[in-house]
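Numbered from 1 within each chain, the chains take letters A, B, ... in sequence-line order.
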Amino acid sequence: MGMNKTFTQKVQDIVRKIPRGKTMTYKQVATKAGSPHAARAVGTIMSHNFDPSIPCHRVIGSDGKMHGYNRGGVGAKRTKLLEEGVKL
DNA sequence: TAGTTGACCGGAA
DNA sequence: ATTCCGGCCAACT
């Protein structure tokens, strides 16, 4: 009865659970999804996400910087995080 | 099926 | 502090 989830599905589930006011790096998400070396792939998946229930704006680079946001650009992403009380 | 691209990352220059 | 490079993986052509 293995609920075989694809890497993409796992990533989406993980990001969906990131609480307001908190962030995760692409690397952390990849590791939690079972592929520690797939940070880049996580970025690819996030870039394709347009589902509002998946807070992809809470996923940032491991250097603490932001790379992109398909819904308003990095400017909007930064604003959203500040609004949630995230320290940048 | 094979080759290219990109919202990554860590180390090196 | 910034730029560059190789490696990794999913999506796309």
Would you say A/H57 places a side-chain N or O within less than 4.0 Å of OP1 or OP2 belonging to B/dA7? no

Heavy-atom contacts under 4.0 Å between residues 78-88 of chain A and DNA chain B, which residues? none

Rounded off to whole Å, could you give me the CE-to-C1' distance for the A/M46 and C/dA11 pair? 13 Å

With heavy atoms under 4.0 Å as the rule, sort A/N70 into base, sugar-phosphate or nothing. base

Categorize A/S35 for me: base, sugar-phosphate, or nothing, with a 4.0 angstrom heavy-atom threshold over every strand shown. nothing

May I ask you to say whether A/D13 pairs ionically with A/R16, meaning some side-chain N is under 4.0 Å from a carboxylate O? yes

Tell me what A/S62 touches on the nucleic acid: a base, only sugar-phosphate, or nothing, going by heavy atoms under 4.0 Å. sugar-phosphate

To the nearest angstrom, how far is A/D63 atom CG from B/dG11 atom P? 13 Å

Determine: side-chain N/O of A/T8 to OP1/OP2 of C/dA11, distance under 4.0 Å, yes or no. yes

Less than 3.5 Å between a donor and an acceptor, one on the side chain of A/S47 and one on the base of B/dG6, is that the case here? no

Check whether the side chain of A/Y69 and the base of B/dA7 form a donor-acceptor pair under 3.5 Å. no

Test: salt bridge (Lys or Arg N to Asp or Glu O under 4.0 Å). Region: residues 78-88 of chain A. Which pairs qualify, not counting sequence neighbours? A/R58-A/E84

Sugar-phosphate only, base, or nothing, as touched by A/A41 at under 4.0 Å among non-hydrogen atoms: base

